[in-house]
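The structure under discussion appears below in the form of structure tokens.
Throughout, a chain's letter reflects where its sequence line sits, starting with A, and its residues are numbered from 1.
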Number of protein chains: 2
Amino acid sequence: MKLGQVTIKDIARELNVSTSTVSRALKDYPGISDDTKKKVKDLAEKLHYRPNAVALSLRKSKSFTIGVIIPEVVHFFFSTVISGIEEIAYANGYNVILCQTNEKLQRELSSIETMLDNQIDGLLVSFSKETENFDHFTKLMEQNFPIVFFDRVPDIENTVNVTVNDFKGAYDATKHLIEQGYKNIIHLAGPKTLPISAKRKDGYKQALQDHQMILNPEWIIPCPIGTQEESYEITKTLFKSNENHPDAIFASNDIAAAGAMMAVKELGLKVPEDVGIVGFSNWQFSSMIDPPLSSVEQPGFEMGEKATAMLLEMIEKKKESNWEAKTIVLETELLVRKSSQK
Amino acid sequence: MKLGQVTIKDIARELNVSTSTVSRALKDYPGISDDTKKKVKDLAEKLHYRPNAVALSLRKSKSFTIGVIIPEVVHFFFSTVISGIEEIAYANGYNVILCQTNEKLQRELSSIETMLDNQIDGLLVSFSKETENFDHFTKLMEQNFPIVFFDRVPDIENTVNVTVNDFKGAYDATKHLIEQGYKNIIHLAGPKTLPISAKRKDGYKQALQDHQMILNPEWIIPCPIGTQEESYEITKTLFKSNENHPDAIFASNDIAAAGAMMAVKELGLKVPEDVGIVGFSNWQFSSMIDPPLSSVEQPGFEMGEKATAMLLEMIEKKKESNWEAKTIVLETELLVRKSSQK
DNA sequence: ATCGTCGCCGCAATCGTTTGCACGATATGA
DNA sequence: TCATATCGTGCAAACGATTGCGGCGACGAT
């Protein structure tokens, strides 16, 4: 990558001084005459000198780059998180390098390796569905490497996390359906490996229990794949086989909710009159479908910001070895739209 | 970023050889005895030695990293392009560093600067809406720095591009509406600064012309912001004020189409009976709204793959100075759904 | 016995930047 | 006049890896 990049040496040669003088002059170090400082700065300006970040990384063992491990960018929620991350990172002079795992553990492992090779200063992680063992993270954390988990946080000790109150979000959504007069509420659950799936399920169960409603275990239906087609098929089968079909659906994400909505509509049932539906995450499309989908909004941008701020703090305080475990929980907001209002 | 990273020196010290020997042994260079090679490799394995990518970058003036400049990741189409880019890049041992411009020129400029500071080997660009001057790119290209433009390609000379046949996509969509019997087709156009907007508009115009239909310039309505709300308002106003309202809409993207659909539905008009609608880009939600939206599918993943493959080729052939200008045009596919079938 | 060859390896420079230390010149004080 | 302080600057090592060149010992050939 030549580009005829101007280096500190070029400036030194031109001015007949040493590279050390140039370096110090540019940084306004004491012990350099104002005259020299001015000359150096002027020439640097004129030649469009920009320090070589790679050389700096090598010298300082610090790259001012953070790595982000994310399942998928297409996931609307994650794309908003990314924006939050970039915002804080850039504002503090850090770069962001991003890797999608596509929900594959293998990809997660190899991405982390290459990122480490590139001397990232810290890691922001939302792990894949396949990740059930966290040794690759604990190993790093034992070496005092800064890691912050967001959204999908592992169920292990001494981690720093930013997450959302999935329990309460699910609780609120279910409670809302109950208050609307729906009696038989099923839950389309997320992948079992993800703690967030469990928390949402728990919120659903707790809401039913608090309102003296029967909890039918058969009405908690896992959707491990997470596509719209999957929930479409599941819902269709369920509603067809049951003359006493459920009258409401709380889905652990909007994609599943949308699939379910298509299914019930196709069966001639009306939303929200016959079936109420609430989703989770408030995807971009949720307000555009018919009827508009009620959903639990997660503060993605804020999550990105918070997680990054914490990571940068850890990075800058690196010396003071152990940082305490900490979990920030952000609150969700139930957006009631037409799909759940009788 | 210490991490107690093992270096080539650690291996050298342990084995009482020089670092040069270790380096050569690891790379299977000639002139090192099989015995030494084995010892070095075994120890490297045992200590989990991994070469320091930063040191390599500095030494070789090559970072095996490519930069990607993209308007927004939330944009469904772009997120699929990213996947295509990562696919090819990783397969060839390259890293990807990604920056969103959020459609801001300032962000575009500063992102490029920091990426260059980090010694990227090449750049993949889809520029922002605000970018009307391309000097920051031409300056780099004059210095023989590898750049490939994708989707949004600049209207300047000697560039390497991957784009989609926007003209034909728009032409096909409009033709389809005509063949369905719609008579008064309006066009919700994209931001004027983007060449793709112009091409889509041209395709629309050509289709009307080829079918002896009147081209009413007032029915080409710009949507410079690109939000759903904008097209919603525009459509509502237009349809309300005209008792002789149009009977079809070709929108330059699905978001605008969705907004328009909401507007006409709210006015009591039926889609597709009263108004036919076709969008562009085939967003994730397009098949989920009611009625499902017809749209022009763009091969995003393939675009990412092609662009990256071309960029890597340019990088590896760097020495042979000038690469020829080239534009790959990928074909679109019209997905006919319910929103446009009378 | 001498020379050439070859196999195996180390020295040192290099990439661009930072930084501890020392050096020379001038100024200050006794 | 000489020791000492102060100021401005340069030398050289360091970060981790690569690589051209040269050295050294062993061996075969003459």
Discussion item. Please list, in numerical order, the residues of residues 31-42 of chain A that have a heavy atom closer than 4.0 Å to any atom of DNA chain D.
Written reply: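 Nucleic-acid contacts, sorted: A/G31, A/I32, A/S33, A/T36.
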Using the test ring-ring contact (aromatic ring centres under 6.0 Å, His included), find all partners of [X] that sit at least two apart in sequence or belong to another chain.
X: B/Y90; result: none
X: B/Y29; result: none
X: B/F64; result: B/Y94

Pair up each side-chain donor or acceptor in residues 71-81 of chain A with any protein partner under 3.5 Å, not counting sequence neighbours, and list the distances.
from, atom 1, to, atom 2, distance (Å)
A/S79, OG, A/F76, O, 2.7
A/T80, OG1, A/F77, O, 2.6

From [atom1] of [X] over to [atom2] of [N], roughly how many Å is that when rounded to an integer?
X: A/D28; N: D/dG8; atom1: CG; atom2: C1'; result: 15 Å
X: A/K62; N: D/dG16; atom1: NZ; atom2: C1'; result: 19 Å
X: A/L15; N: D/dG8; atom1: CG; atom2: C1'; result: 15 Å
X: B/L58; N: C/dA13; atom1: CG; atom2: P; result: 17 Å

Check every atom of [options] against the side chain of [X] and return the nucleotide holding the closest atom.
X: B/K9; options: D/dG16, D/dT19, C/dC9; answer: D/dG16
X: A/T21; options: D/dT9, C/dG10, C/dT14; answer: D/dT9
X: A/Y29; options: D/dT18, D/dG10, C/dT19; answer: C/dT19

Worksheet entry | Residues in contact with DNA chain C, drawn from residues 44-54 of chain B - heavy-atom cutoff 4.0 Å | none
Discussion item. Under 4.0 Å, counting only non-hydrogen atoms across every strand here, what does A/V22 touch: a base, just sugar-phosphate, or nothing?
Written reply: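 Contact class for A/V22: none.
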Worksheet item: Can a donor-acceptor pair be found between the side chains of B/N161 and B/T159 at a distance below 3.5 Å?
Response: yes
Discussion item. Between D/dC11 and A/S20, counting only base atoms on the nucleotide and side-chain atoms on the residue, is there a donor-acceptor pair under 3.5 Å?
Written reply: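 Yes, a donor-acceptor pair under 3.5 Å.
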Between [X] and [N], does any side-chain N or O lie under 4.0 Å from OP1 or OP2?
X: B/K60; N: D/dT19; answer: yes
X: B/S23; N: D/dT18; answer: yes
X: B/K27; N: D/dT18; answer: yes
X: B/T7; N: D/dG16; answer: no

Response to the item:
For B/K38, the salt bridge (charged side-chain N to carboxylate O under 4.0 Å, His left out) test, sequence neighbours excluded, returns B/D42
Worksheet item: Atom CG of A/N158 and atom NZ of A/K326: how far apart are they, to the nearest 0.5 Å?
Response: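 The distance works out to 14.0 Å.
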Contacts of [X] that satisfy side-chain hydrogen bond (donor to acceptor under 3.5 Å, both in side chains) - sequence neighbours left out:
X: B/E302; result: B/K306
X: B/D117; result: A/R50
X: A/S23; result: none

Worksheet entry | Whichever of B/R59 and B/N16 has its nearest DNA chain C nucleotide further upstream toward 5' | B/N16
Discussion item. Test: side-chain hydrogen bond (donor to acceptor under 3.5 Å, both in side chains). Region: residues 147-157 of chain B. Which pairs qualify, not counting sequence neighbours?
Written reply: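 Applying side-chain hydrogen bond (donor to acceptor under 3.5 Å, both in side chains) to every pair that reaches into residues 147-157 of chain B, excluding sequence neighbours, yields B/E103-B/R152.
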N/O-N/O pairs, protein side and nucleotides 21-26 of chain C side, under 3.5 Å:
none

Item to complete: Please check if the distance between the ring centroids of A/F127 and A/F137 is under 6.0 Å.
Response: no
